[in-house]
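See below for the structure under consideration.
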Amino acid sequence: MARETHKTRLLDYLKKYGSITSLEAIRDLGNTRLSATIFVLKDEGHKITTEDSRVATRWTNKDGSRKTTTVSKYILNGSN
């Protein structure tokens, strides 16, 4: 059986769910260096695109609405 690594766990996750953000990588995979792992997978020929995604933060604006920030969402294209 092959050794499980950040790379193999991330690839399995992308195949199952289609995309991932850094928060999901930390929470679900324990991977705190998602962009580095994505870089390795892309270098190996996997087709992964990056999309900006707006997410709510814990802070609020003066009007009570939630502040947002932009995070990267990595999407697996095709069945590499």
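This one's a predicted model, so the numbers in the text were calculated from it and none came from an experiment.
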_If I compare all heavy atoms of Thr21 with all of Glu24, which pair ends up nearest, and what's the gap?_
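Shortest heavy-atom separation between Thr21 and Glu24 comes out as N-OE1, 2.8 Å.
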Interatomic spacing from [atom1] in [X] to [atom2] in [Y] - rounded to 0.5 Å:
X: Asp28; Y: Tyr13; atom1: CG; atom2: OH; result: 4.0 Å
X: Glu44; Y: Lys7; atom1: CD; atom2: NZ; result: 3.5 Å
X: Lys16; Y: Leu11; atom1: NZ; atom2: CG; result: 14.0 Å
X: Ile48; Y: Ile38; atom1: CD1; atom2: CD1; result: 4.0 Å
X: Lys73; Y: Thr49; atom1: NZ; atom2: OG1; result: 10.0 Å

*Can you hop from Leu14 to Ile75 via hydrophobic side chains spaced under 4.5 Å?*
no
*Check whether any side-chain N or O of Arg66 sits under 3.5 Å from a backbone N or O of Thr60 as a donor-acceptor pair, and report yes or no.*
no
*May I ask you to decide if Arg33's main-chain N or O and Asn31's side chain share a donor-acceptor pair within less than 3.5 Å?*
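Judged by distance alone, yes, a pair lies under 3.5 Å.
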*Have a look at Tyr74 and tell me which of Leu34, Thr37, Leu41 forms a side chain to side chain contact (heavy atoms under 4.5 Å, CB included) with it.*
Leu34
*CA sep, side-chain torsions, deciding dist, call: Val71, Asp52, side-chain contact (heavy atoms from CB on, under 4.5 Å)*: CA-CA 6 Å; Val71 298; Asp52 286 340; over 6 Å; no
*Ignoring hydrogens and angles, state whether a donor on the side chain of Arg54 or Thr68 is under 3.5 Å from an acceptor on the partner side chain.*
yes
*Under the side-chain contact (heavy atoms from CB on, under 4.5 Å) criterion, do His46 and Val40 qualify, and how do the steps go?*
CA-CA 9 Å; His46 296 280; Val40 170; over 6 Å; no
